[in-house]
Engineer: 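Have a look at this one.
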Amino acid sequence: MGAAVLTVTATLLLALPDRAPVGELPALARSHGIGLGVAVAVDPLARDGGYQDVVTSNYTSVTAENTMKWEYVQPERDEFDWSGPDAVVDFARRHGLGVRGHTLLWHNQQPPWLSEGTWTGTELREVMREHTDALLGRYRGRITTWDVINEPLVDDGPRLRDNLWHRVLGEDYIAEALRMAHEADPGARLYINEFGIEGAGPKADALHTLVTDLLDRGVPLHGIGFQGHFVHGSVPEDLTEQMRRYSDLGLDVTVSELDVRIPEPAGQEQLEEQAREYRRVVQACLDVPRCVNVTVWGVSDQHSWIPEWFPGYTAALPFDGSYRPKPALAGMAQALERRRTGTRPGRTTPRTPPGHRTRLKNSKGPGIREPRPASAERPATPPP
Ligand code: G3I
């Protein structure tokens, strides 16, 4: 095939639709049994009609960007503020949206009474138990997936982060926290959420080793969140393989905080390339058995965390600062439309990979999900 024809073919394949599929993605996502989510902030969710419309028209689930974090939920010891979490959960319920719980143990956004306290192991375990029981207990049955452990590894390497929990309780804090969460809500699906694992490398391998050990010990763990905070032009080619490493273990995976930041200024060419990157990420989720949700980390570019944290970068989300859809929205739709008729790879193969030993005495133990028949692999109403 001549080069010219190849170019045309490639261009046609990569050409994005010239219309914005506003309002179409929820049905497309549900047709694949996956969730499509967005991180939300309490104030605009309560007050801003344009913000609300983007959320309710284009997504099937929400994640509280900040309001369910420790510093907001328990700003003082034994003083809980449920106003923000309740607002998000109530909004979701009113609009038929799922809610992903974010987050229990993290090294950031801790209230001073916790981060500056001097704790014995017994005291800190008690504090963890109180917080976990309160948060998961309050939303039992309404929030069915939780990021229990957020970013347990150091930013750029294969080592456990030196956080409060690790310092006081040792590295087994992760197992302890997951067990506490499982006791607080046995029906919740418990996640470890991390960045820097989306492509091959020491950090990705370190998390896989950590997770395999947890499963071997029967620790209740059900999913891995790949945060997906990408720089334009750097979405790892092996994202699918990295996610598949966990679905092969019987775990669910999600892309939990997707955004693709573009160096300023973001011109049309960059936005169209960004659209292809969003398409590729959704495609990766569709290609991985047990990928259950892709969540973008913000409703619009004016609400994105990126400009504050990465000066010189912009335009990371599918909607611009005026709630206008960008090519990235069409990119996600194109991935979902492409696969609308096809079956998803891996849907008919048993979930237990060949040679996979059952790590628990009783294979129904919480750490390993029983392989679900392919027909049930994608539930009619996708988990949030
Ligand atoms: O709540 C205060 C408010 O009272 C004050 O008026 C205002 C002044 O700027 O600051 C508000 O706190 C900000 C908070 O977001 C809520 O808006 C903090 O300054 C700001 O640092 C904080 O940033 C959040 C960041 O986590 C903190 O690390 C981002 O919005 C949030 O998107 C980001 O999310 C994390 C995920 O939870 C975990 N994965 C990484 C991701 C990016 O860091």
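Just follow the structure's listing: the first ligand is 1, and inside any ligand the first atom is 1. None of these values were measured; they are calculated from a predicted model.
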Engineer: Considering only protein heavy atoms, which is closest to atom 19 (O) of ligand 1, and at what distance to one decimal place?
Structural biologist: Glu308 OE2, 4.2 Å
Engineer: Out of Glu257, Gln227, Lys69, indicate the one that has the non-hydrogen atom closest to atom 33 (C) of ligand 1.
Structural biologist: Lys69
Engineer: Does NZ or CZ of Arg280 come closer than 6.0 Å to the centre of the six-membered ring of Phe230, within 45° of the ring's axis?
Structural biologist: no
Engineer: With a 4.0 Å cut-off, strictly under, does atom 26 (O) of ligand 1 pick up any protein heavy atom?
Structural biologist: yes
Engineer: Do the side chains of Arg94 and Asp90 get close enough for a salt bridge, i.e. N-O under 4.0 angstrom?
Structural biologist: no
Engineer: Between Trp309 and His229, does the ring centre distance come in under 6.0 Å?
Structural biologist: no
Engineer: Please work out which of Asp43, Asn150, Asn66 has its closest non-hydrogen atom nearest to atom 24 (C) of ligand 1.
Structural biologist: Asn66
Engineer: Out of all atoms in ligand 1, which are within 4.0 Å of some heavy atom of Glu151? Include the element for each.
Structural biologist: 38 (C), 39 (N), 40 (C)
Engineer: Students should be able to answer this: which protein heavy-atom is nearest to atom 22 (C) of ligand 1, and at what distance?
Structural biologist: Gln109 NE2, 4.1 Å
Engineer: Might you point out which heavy atoms bring Lys69 and Trp106 nearest each other, and give the distance in Å?
Structural biologist: NZ-CZ3, 3.6 Å
Engineer: Using only heavy-atom distances, determine whether the side chains of Trp305 and Asp259 contain a donor-acceptor pair under 3.5 Å.
Structural biologist: yes
Engineer: Of the side chain and backbone of Trp309, name the one, both, or neither that has a heavy atom under 4.0 Å from an atom of ligand 1.
Structural biologist: side chain
Engineer: Do Val148 and His182 have side-chain heavy atoms sitting under 4.5 Å apart?
Structural biologist: no
Engineer: Would you verify that at least one protein heavy atom lies under 4.0 Å from atom 36 (C) of ligand 1, or report that none does?
Structural biologist: yes
Engineer: I'd like to check whether His102 has a polar contact with ligand 1, where a contact means an N/O of the residue lying under 3.5 Å from an N/O of the ligand.
Structural biologist: yes
Engineer: Nearest protein heavy-atom contact for atom 43 (O) of ligand 1: which residue, which atom, what distance?
Structural biologist: Trp305 CZ3, 3.4 Å
Engineer: In terms of heavy-atom contacts, does CD of Gln268 have more than 12 from other residues, nucleotides or ligands at under 6.0 Å?
Structural biologist: yes
Engineer: What protein heavy atom sits nearest atom 1 (O) of ligand 1, and how far off is it?
Structural biologist: Tyr72 OH, 2.8 Å
Engineer: Just to confirm my output: which protein heavy-atom neighbour is closest to atom 28 (O) of ligand 1, and how far is it?
Structural biologist: Trp106 CH2, 3.4 Å
Engineer: Among all protein non-hydrogen atoms, which one is nearest to atom 31 (C) of ligand 1, and what is the separation to 0.1 Å?
Structural biologist: Glu65 OE2, 3.5 Å
Engineer: Take atom 10 (O) of ligand 1 and look for protein heavy atoms under 4.0 Å from it; say yes if you find one, no if not.
Structural biologist: no
Engineer: For atom 40 (C) of ligand 1, is there a protein heavy atom at a distance under 4.0 Å?
Structural biologist: yes
Engineer: Give a yes/no on ligand 1: does Phe195 have at least one heavy atom closer than 4.0 angstrom to it?
Structural biologist: no
Engineer: Got a protein heavy atom sitting under 4.0 Å from atom 4 (O) of ligand 1?
Structural biologist: no
Engineer: Hey, are the side chains of Gln270 and Pro265 touching, using non-hydrogen atoms and a 4.5 Å cut-off?
Structural biologist: no
Engineer: For Trp70, run the ring-ring contact (aromatic ring centres under 6.0 Å, His included) check against His102, His107, His131 and tell me which one passes.
Structural biologist: His131
Engineer: So how far is it from Leu124 CG to Thr118 OG1, rounded to the nearest 0.5 Å?
Structural biologist: 11.5 Å
Engineer: So Tyr323 and Asp53, do their side chains get closer than 4.5 Å, heavy atoms only?
Structural biologist: no
